[in-house]
There are 2 protein chains.
Amino acid sequence: MQVSLQALKAFESAARRGSFKLAAEELSLTPTAISHHISNLESRLNVNLFHRQGRRISLTGTGKRLAKATSEGFRKIDSVLEEVMKAGTAARVTTTSSLAAMVLIPAQHEFEQANPDISMEISTGESVDSQSYIIPIRFGDVSVAKDSDVIRYESFNVFGAYGMTPPSWSNEPITLFTTEWKNKSLPDPPLAAWLETNGLEGADIKLKKFDQELFGIQQAMAENGLVFCSTTLTTRLVKSNLLQQFETRPVKSDFCYYVPNKDSFETRSADRFLNWIEDILNQ
Amino acid sequence: MQVSLQALKAFESAARRGSFKLAAEELSLTPTAISHHISNLESRLNVNLFHRQGRRISLTGTGKRLAKATSEGFRKIDSVLEEVMKAGTAARVTTTSSLAAMVLIPAQHEFEQANPDISMEISTGESVDSQSYIIPIRFGDVSVAKDSDVIRYESFNVFGAYGMTPPSWSNEPITLFTTEWKNKSLPDPPLAAWLETNGLEGADIKLKKFDQELFGIQQAMAENGLVFCSTTLTTRLVKSNLLQQFETRPVKSDFCYYVPNKDSFETRSADRFLNWIEDILNQ
DNA sequence: ACGTATAGATGAGTTTAAATCATCTATACT
DNA sequence: AGTATAGATGATTTAAACTCATCTATACGT
């Protein structure tokens, strides 16, 4: 390379600010350094870039020309650089409100403690997840996800508020909160399979449906009720004695949480987050 | 600055060429230097830019993104830089074919001897003189040129081929080559004023007109004739004994050679050329 | 008009970043 | 399997970048 890029950067700044002193401040250098850079540039190019009128400077025609190019060029580089840098120091996740509320948000602090150089940003809803560097965690049927993208295969079980007496399935009618997904292409939760696994086919069960698992769980806790829901969302609540399990066995489902193109996130923050969340979800 | 521009340049080259080795060749560095730069970049940004598959590398998604920005940014800077650099090492002049043929081209070698770091390019005719960094030397009326732009005020005289007998103005009819400019807004050469200055108002003179001074001069040399023309173009020919002056006195004219916005050429090559040509034209 | 404060220039000296060298690893090719 | 090639890694050297001390010119206040 003929001319040094740092000299060009110094020139660009001086041209934009109209002063070596201001350029020096901007680049955390001394005015002397800027002066050296620019005179070095001028002698290498055999061109005067600034008119010197004593202590006042102004761009020459050639200087203006070069300043335009360097400003635009560096600006283009800087803006993408900044974006990439952000991506390296923040994990931006978007997912269902249930996973966000029950798992991500409660564990957010823990993640940031373990990764002090990475901040975690959570968003839910129909946000633009095609935007670069946002990690979408989707809930769906295993058949639509690549194997390598799955971070949690979902099981279901019945949970109740902590301390409530276990229900007697055979003797009385039982109200069970469950989910009917807003997204109609998803199958219903595997209640029939669960009843069979636990030998409860004959039970008298009334279903009350919510469109998000989150609501059923909250309702169960609020009115000492029972909820048939995914184990992922309840693990933490069970551990912290806000929910309890009974003597029933969980049943596997066709649902899973997955991250589309999981391997395409090459920033360290995304890698760390993905390893961490997989650990969390699978104990 | 967080990240070094040289590291970005190394990355840009490696990304474009698809190989550290090729990037090293392009930048006249060792592959080790490229490797250091890129891993430095990656750790500063907390992002992987290349996949390493043993000795083969490929860009990550983030790498592609950054590569696009750096390539475009540096390309923009480089292209203007190259243009400016050319402007610093070459004086590109455009002027009338007469001045080019009689003055510039014969002296071109001399200029390049005196300024070995500057090459001189001469063009004539209707070329795009608005193109940046081309120095136009125009011939015209002093009233249309700024005083500071004038590099030569033009005088006129009569010249003849070297060795011919001086004409006897009063005794015989005399054929005189002269110029009628193609550009009709220019006045005719000051023949009447010249005749008066030399007390030859009564002479019997036949005019033969060319649309460029160059042709009249050549014709005079070829057929041992006489030409009434500008002193600028003939100085060199008189010195080298190809033309001769007689006992006549030159007459000032309203013509001049000038360079529009002479002070706006801030490249060293242009400055040196302009000083040189002014010297040449005024002895 | 004069004195002072400020911006930049210049040259020598110092510091830090960048490049190389030597060595090692993994993989592609014969 | 053996060799040649691309890249990684760590120590060392080199050169570029930066600062400091000093100087000049000019803008500004009184």
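Since this is a predicted model, take the numbers as computed values, not measurements.
The backbone N or O of A:L49 sits less than 3.5 Å from a side-chain atom of A:T60, completing a donor-acceptor pair.
B:S35 has no side-chain polar atom (N or O) that falls below the 4.0 Å cut-off from OP1 or OP2 of D:dG7. Checking the phosphate oxygens (OP1, OP2) of D:dC18, a side-chain nitrogen or oxygen of A:H37 falls inside 4.0 Å. Neither OP1 nor OP2 of C:dG8 sits under 4.0 Å from any side-chain N or O of A:R56. Between B:S19 and the phosphate of D:dG7, there is a side-chain N or O to OP1/OP2 separation shorter than 4.0 Å. Distances shorter than 4.0 Å separate none of the side-chain N or O atoms of A:T32 from OP1 or OP2 on C:dT10. Residue A:Q53 places none of its side-chain N or O atoms closer than 4.0 Å to OP1 or OP2 of C:dA7. Here A:T30 does not reach the OP1 or OP2 of D:dC18: none of its side-chain N or O atoms lies under 4.0 Å away.
Across the interface with DNA chain C, nearest-nucleotide mapping of B:Q6 and A:G54 shows A:G54 to be the residue nearer the 5′ end.
The side-chain hydrogen bond (donor to acceptor under 3.5 Å, both in side chains) search around B:T32 returns none, not counting sequence neighbours.
By the neighbour-count criterion of 12 heavy atoms within 6.0 Å, atom CD of A:E82 is sparsely surrounded, having that number or fewer from other residues, nucleotides or ligands.
Cation-pi geometry between B:K146 and B:Y258 is not satisfied (NZ or CZ under 6.0 Å from the ring centre, within 45° of the ring normal).
One cannot find a donor-acceptor pair under 3.5 Å joining the base of D:dG7 and the side-chain atoms of B:H36.
Atom CG of B:L29 and atom C1' of D:dA15 are 13 Å apart (whole Å). For the pair A:L27 CG and D:dT19 C1', the interatomic distance rounds to 15 Å; values are reported in whole Å. Straight-line distance from the CD atom of A:E25 to the P atom of C:dT6: 13 Å, rounded to whole Å.
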